[in-house]
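Structure first, then comments.
Atoms considered below: every heavy atom in the structure, side chains included; atoms not considered: hydrogens, waters and symmetry mates. In this chain, numbering begins with 1 at the start of the sequence shown.
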Amino acid sequence: MAGEELGKARGRERSRERDKARGAARETVTELGHPRSDLLLLLGGLPLLGLLVGLVVPRLARWASGSPVLPWRDGIEFVGRLDAPWQTALVMAAGLVAGLALAFTAIAETLTLKLSGTRVRVERDGRTLTFERADISAVFLDGKELVLLGADSGELVRGEPGPRAAALAGAFRAHGYPWRDGDPHASLFHRWIPGTPGLPAEVHALLAAREAALKRKAPHDARELAETVRGLGFVVRDEGAEQYWRARVPR
């Protein structure tokens with residue numbers, strides 16, 4: 001009898017150990033950001049390119065100023081006259097600063113992720129968003145952009161991630177997220193044409209404003225307008241210069 005009780009106690013202990021191990025696995029966090037090689041390329045390559053452009057631009061301007069047909073002649077001739085050593089140094093410094101600014105902008109605009117078995121945290125441009133695993137219905141790559149869909153099929157997140165596609169797929173699958181090879185609702189999208197039946201006037205107005213934001217290359221405005229459209233029950237995505245829309249599909 002004592003042996004039977006001892007066996008039961010050992011069984012309960014093993015069960016607790018298994019539960020503890022499963023809980024630890026669920027809370028294991030995987031961080032996904034730019035690979036080191038990409039960071040080196042951005043923080044080293046772009047500033048170096050800026051320096052080279054600063055060195056070459058005055059020479060190109062002097063060469064181009066000999067053309068009989070030249071737009072912005074006054075500005076190009078002014079740049080071509082920057083041939084003193086200190087002026088060349090200033091132009092190169094400006095190129096270096098511009099390269100650094102581009103590098104930091106690219107890093108800030110890129111999604112960085114922290115995954116566990118219960119939630120995913122997304123950081124971009126100084127903002128942090130957290131989503132519970134149960135609220136995510138699909139994760140996939142749309143071209144170069146990572147997309148997370150919510151329970152209502154609306155886009156929770158869309159943006160370019162730092163990690164490679166294989167690393168993303170492996171991490172999301174390892175933590176039990178519904179990784180897909182493509183958008184499960186791709187067939188429901190329609191090309192947006194102003195006045196198309198099936199869309200409220202308010203959504204048409206938002207998509208028109210978003211089209212203008214895309215043309216003036218204002219990604220923050222375009223993203224905010226897409227979020228407003230989602231709040232009205234629709235999802236918008238881009239293919240080239242065209243906008244496509246669909247209604248949300250609750251799970």
Side-chain angles (χ1 to χ4, degrees), residues 15-46 102-189 219-220 222-224 226-227 229-230 235-239 244 246 248-251:
S15 178
R16 282 195 294 269
E17 290 295 329
R18 284 196 298 268
D19 291 343
K20 188 184 297 184
R22 281 195 290 265
R26 284 177 62 81
E27 290 306 318
T28 299
V29 176
T30 301
E31 297 189 23
L32 297 167
H34 273 292
R36 185 174 299 178
S37 58
D38 287 2
L39 286 174
L40 289 174
L41 182 62
L42 285 170
L43 294 174
L46 287 178
L102 284 173
F104 282 114
T105 299
I107 292 171
E109 284 288 327
T110 301
L111 302 179
T112 58
L113 308 158
K114 290 185 179 180
L115 303 177
S116 74
T118 56
R119 62 185 60 85
V120 54
R121 190 170 77 179
V122 183
E123 297 178 5
R124 175 175 56 189
D125 204 17
R127 294 179 60 196
T128 300
L129 300 172
T130 302
F131 305 102
E132 297 299 316
R133 162 64 186 86
D135 296 331
I136 297 174
S137 63
V139 186
F140 58 92
L141 282 172
D142 183 14
K144 294 182 178 180
E145 295 184 318
L146 177 70
V147 181
L148 275 65
L149 298 184
D152 62 355
S153 85
E155 290 185 358
L156 301 174
V157 173
R158 172 182 284 271
E160 289 195 24
R164 305 282 191 269
L168 285 168
F172 274 102
R173 284 173 173 150
H175 285 288
Y177 288 83
W179 181 269
R180 304 287 183 254
D181 293 330
D183 189 344
H185 307 294
S187 62
L188 302 179
F189 280 93
H220 290 85
R223 204 156 49 230
E224 288 179 359
E227 290 174 0
V229 170
R230 178 177 180 266
V235 179
V236 59
R237 59 178 286 191
D238 304 318
E239 291 186 17
Y244 285 74
R246 67 167 171 83
R248 290 185 312 197
V249 185
R251 184 164 57 186

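Minimum interatomic distance between Ser137 and Gly150 (heavy atoms only, all atoms of both residues): OG-O, 2.6 Å. Counting all heavy atoms, side chain and backbone alike, Ser153 lies closest to Val249 at OG-N, 2.6 Å. When every heavy atom of Val29 is checked against every heavy atom of Lys114, the shortest pair comes out as CG1-CB, 4.2 Å. Contact between Phe131 and Val122 at its shortest, heavy atoms only, is CE1-CG2, 4.4 Å.
Rounding to the nearest 0.5 Å gives a distance of 6.0 Å between CZ of Arg121 and OG1 of Thr130. Considering CZ of Arg237 and CG of Asp183, their distance stands at 5.5 Å, rounded to 0.5 Å. Atom CG of Leu148 sits about 7.5 Å away from atom CG of Leu113, to the nearest 0.5 Å. Remark: Tyr177 OH to Ser116 OG distance equals 5.0 Å, nearest 0.5 Å.
In this structure, the side-chain contact (heavy atoms from CB on, under 4.5 Å) partners of Arg230, at least two apart in sequence or on a different chain, are Asp152, Leu156, Arg248. Residues that satisfy the side chain to side chain donor-acceptor pair (under 3.5 Å) test with Arg158, not counting sequence neighbours, are Asp142, Glu145, Glu155.
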Please step through side-chain contact (heavy atoms from CB on, under 4.5 Å) for the pair Ile136 and Phe172, ending with a clear verdict.
-> CA-CA 11 Å; Ile136 297 174; Phe172 274 102; 5.9 Å; no
Walk me through it: do Arg180 and Leu149 pass the test side-chain contact (heavy atoms from CB on, under 4.5 Å)?
-> CA-CA 11 Å; Arg180 304 287 183 254; Leu149 298 184; over 6 Å; no
Start with the C-alpha distance between Leu168 and Val139, add both sets of side-chain angles, then the distance that settles side-chain contact (heavy atoms from CB on, under 4.5 Å), and finish with yes or no.
-> CA-CA 10 Å; Leu168 285 168; Val139 186; over 6 Å; no
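Salt-bridge check for Arg173 with Asp181: passed, with a basic side-chain N closer than 4.0 Å to an acidic carboxylate O.
Between Leu141 and Trp179, the closest side-chain pair of non-hydrogen atoms falls below 4.5 Å.
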